[in-house]
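Encoded as structure tokens, the structure appears first; notes follow it.
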Amino acid sequence: MAELALSDEILMAVDKPVRYIGHEINMVEKDLKDVDIRYAMCFPDVYEIGMSYLGIQILYDMFNRREDTWCERVYSPWPDLDRILREKHIPLFSLESQTPVRAFDFLGITIQYEMCYTNILQVIDLSGIPLFSKDRTREDPIVIGGGPCTYNPEPIADFFDIFYIGEGEESYDPLFQLYKVYKGSAMTRTEFLLRASQIPGIYVPSLYEVTYHEDGTIYAISPIQFDPSAFTAEECGLGELPVHAPEKVKKVVVSDFENAPYPMKPVIPYLRATQDRVVLEVMRGCIRGCRFCQAGMIYRPTRQKPVEMIKQYAETMLQNTGYDEISLSSLSTSDYEELPELLDYLIAHFPEQHIQISLPSLRVDAFSLDVMRKVQDVHKVSLTFAPEAGSQRLRNVINKGLTEEDILGGVTQAFAGGWNKVKLYFMMGLPTETEEDVEGIPELCEKISEVYYEVVPKEKRVGSLQITASASYFVPKPFTPFQWAPMLDRASYLAHAHHAKDHFKQMRNNKRLKFAYHDEDISITEGIYARGDRRLSRLVLEVYKQGGIFDAWTEFFKMDRYTEAMEKLGIDPAFYLTRPREVTEILPWDHIDCGVSKDFLIREWERAKQEIVTPNCREKCSGCGAAGLSRGPCPAMT
């Protein structure tokens, strides 16, 4: 058992000390003498959040299956421990061996959300690693980023050596093999990065130069040309050194999703994590093509796990974890074609364990009464649906593929099945949104409430009807048809939110309706980063220097830090947020290929402005380009 990096005195002085001691059930320990590569896997947020992320569990399991690799975990220390580590000059450490992160070969950071950018600097800084990649030497770990934010990593590009574009199951083996050669040779760090850039899905930002027009838009993103004679490393047996990185970095997808590694013995946290249950990934990708949804584009093509495999996973993981709840994970769980059979099995095979089943990401149009009743028998919870827009016109703009008839039909089944609590998610600030569209949110909620009173006889009503609507501030994201759309300005968003709130009060059943809208300042900052360029690294650094960490948490986020930093650095937020973009403009992420073609995104952008709905992938192929990633026919069409 490793000696703890923190003394008892320190552990007793911080909130939830079990975040930092490791030794959890199913944690992997190895003998260092048998290990060639040490990988520190980091989620730049607090332990409870990071332990809930399936992607890290998958990679943790996959890396530790290698005899030559030991993958350990590290999370952002909470502000109380952050202060102590700085005061006492204690380096950030891993949970498994309590080793300082700087002693590792790789620091891999999963980047799920733009508002974690300052926490990335916190982790690098507390580890004693130079913040900028250009200042690192062979003595420092290779800092590598993965996750959805890597599809536009430019605002944090200066802090990373490598970004991994795509699914982690595919290209780590060749990267690790290259690193072992690098580690045992006199190869320079730059040569290692140049060779690494030739591996599919590996983006090395320092090997590219970005130039700009006078108006601040991008002129070109070009690979830097190298003279091989400038490298004096000994012969490594790797062949001729490339002279530049690829013009475009293409996303990699797992070649055999059905047999891809999956963690049968996930690490069990001491604390109750945000997702404290067995997670079964039933499907990857989405057939729907919502025009606002980045995940629906970058995770294409859609692939499903066989139902018999999921059944086996469920049994094994329940035995290995002791959990009593299963969550079926995908972007649209109700689109998993074997869902009824899977639910029947889960309910029938674990009656004595009283297994609860969580079904996130359900579509109201595909949610059958039969499925609801089965789940209700096990675990009755409020139902959550995402109409996204209040009016049919705007749902057509965003290609939601839902009609009002679908929505009311779905909630009719839900109410008939015994539910009386419904949560509805909307967005405000969507392209072309009008005041009438905003009024559609409370009006749709009112219609849903009317359905309840029509469907459920008074004598059968148990408890009170409760319809909770929440609206988020729409942020345009890269690799979506809305990547060219202006983001609604702050004043207009607040005006829309207040108008919706006032309109809710006018509804006849307003006592049964609740409405809340998201904080505008965090969304504005997210919007700046989401479509930002490499010049924004100055902003991330300045905010971090002023004490900004845990900016995803409303209690720690301070808009004044960002406002003052942008004024100091001469950054105009309107340039990134509210200005219109032509489809001919070079975007900061144009040198990355997510598998969905730019021509397809442009077509969808035009169809949105014309309020034309595009069929989902199972109904008709729209030629998005993702079929080329699947090494055969597009799985969504088979």
Side-chain angles (χ1 to χ4, degrees), residues 277 324-328 332-334 339-340 343-344 346-348 350-351 354-392 395 400 402-427 438-472 497 500-518:
R277 56 186 72 104
D324 61 1
E325 183 173 353
I326 292 174
S327 176
L328 304 183
S332 182
T333 306
S334 49
L339 181 61
L343 289 176
D344 285 342
L346 295 177
I347 292 168
F350 306 104
H354 305 289
I355 299 299
Q356 300 173 354
I357 301 170
S358 173
L359 297 171
S361 307
L362 292 169
R363 289 178 59 88
V364 64
D365 63 331
F367 201 75
S368 71
L369 179 59
D370 182 52
V371 168
M372 287 192 291
R373 281 179 173 158
K374 290 174 183 176
V375 177
Q376 177 179 320
D377 289 340
V378 181
H379 184 40
K380 189 172 183 179
V381 294
S382 62
L383 294 175
T384 301
F385 299 126
E388 311 294 3
S391 72
Q392 190 58 50
R395 284 194 292 274
K400 185 62 182 177
L402 274 179
T403 65
E404 185 172 291
E405 183 180 1
D406 293 329
I407 295 169
L408 298 182
V411 295
T412 297
Q413 293 182 357
F415 293 146
W419 269 267
N420 60 6
K421 292 180 175 61
V422 178
K423 295 179 181 179
L424 300 166
Y425 291 139
F426 297 91
M427 288 183 286
V438 173
E439 293 171 356
I441 296 175
E443 289 169 2
L444 179 61
C445 293
E446 174 74 0
K447 290 176 183 177
I448 291 172
S449 70
E450 291 172 350
V451 167
Y452 176 80
Y453 292 111
E454 292 170 3
V455 169
V456 184
K458 191 172 184 179
E459 65 273 12
K460 292 187 177 181
R461 296 171 192 166
V462 180
S464 299
L465 171 68
Q466 182 179 311
I467 298 174
T468 304
S470 66
S472 61
K501 195 167 187 176
D502 291 341
H503 207 61
F504 265 97
K505 296 175 183 177
Q506 300 173 25
M507 299 296 104
R508 187 175 64 177
N509 293 321
N510 65 78
K511 291 183 179 180
R512 304 302 178 199
L513 311 180
K514 294 183 178 180
F515 174 69
Y517 57 91
H518 289 200

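Source: prediction; values computed, not measured.
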Taking all atoms of both residues into account, what is the closest heavy-atom pair of A386 and K400, and its distance? O-CE, 2.9 Å

Distance, nearest 0.5 Å, that separates CG of L343 from OG1 of T333: 10.0 Å

Backbone of A389 reached by a side-chain donor or acceptor of R395 within 3.5 Å: yes

Run the side chain to side chain contact (heavy atoms under 4.5 Å, CB included) test on T384 and Y425 for me, step by step, so that the C-alpha distance in whole Å, both residues' side-chain angles and the decisive distance to 0.1 Å come before the verdict. CA-CA 8 Å; T384 301; Y425 291 139; 3.3 Å; yes

Mind checking whether F350 and D324 have side chains closer than 4.5 Å, heavy atoms only? no

F515 and A497 have their tightest heavy-atom pair at CE2-O, 3.8 Å

With side chains defined as the heavy atoms from C-beta onward, is the minimum distance between R508 and E450 less than 4.5 Å? yes

Heavy-atom donor-acceptor pair, Q392 side chain to L402 backbone, under 3.5 Å: yes

Any chance you could measure E443, atom CD, to S391, atom OG, to the nearest 0.5 Å? 9.5 Å

A side-chain contact here means heavy atoms from C-beta on lying under 4.5 Å apart; do K501 and I441 qualify? no

Separation of E439 CD from L444 CG (nearest 0.5 Å): 13.5 Å

When you compare the side chain of L408 with that of K447, does any pair of heavy atoms fall below 4.5 Å? yes

Rounded distance (nearest 0.5 Å) linking atom CD of E388 with atom OG of S472: 7.5 Å

Side chains of L424 and C445 in contact at under 4.5 Å (non-hydrogen atoms): yes

Do L513 and E446 touch side chain to side chain, with heavy atoms closer than 4.5 Å? yes

Would you please classify the geometry between the F415 ring and the Y452 ring as parallel, tilted or perpendicular, with 30° and 60° separating the classes? perpendicular

Would you mind reporting whether L465 and N509 have side-chain heavy atoms less than 4.5 Å apart? no

Is it true that a side-chain atom of K458 and a backbone atom of Y453 form a donor plus acceptor pair closer than 3.5 Å? no

Looking at V438 and A500, what are the two nearest heavy atoms and their distance? CG1-CB, 3.6 Å

Mind checking the NZ-CZ spacing from K421 to R512? Nearest 0.5 Å is all I need. 10.5 Å

Closest contact, heavy atoms only, P387 versus F426: CB-CE2, 3.9 Å

Does the R461 side chain pair with the main chain of V456, one donor and one acceptor, at a distance under 3.5 Å? yes

With a 4.5 Å cut-off on side-chain heavy atoms, are K423 and Q466 touching? no

For T468 and K514, what are the C-alpha separation, side-chain angles and deciding distance, and is it a side chain to side chain contact (heavy atoms under 4.5 Å, CB included)? CA-CA 5 Å; T468 304; K514 294 183 178 180; 4.3 Å; yes

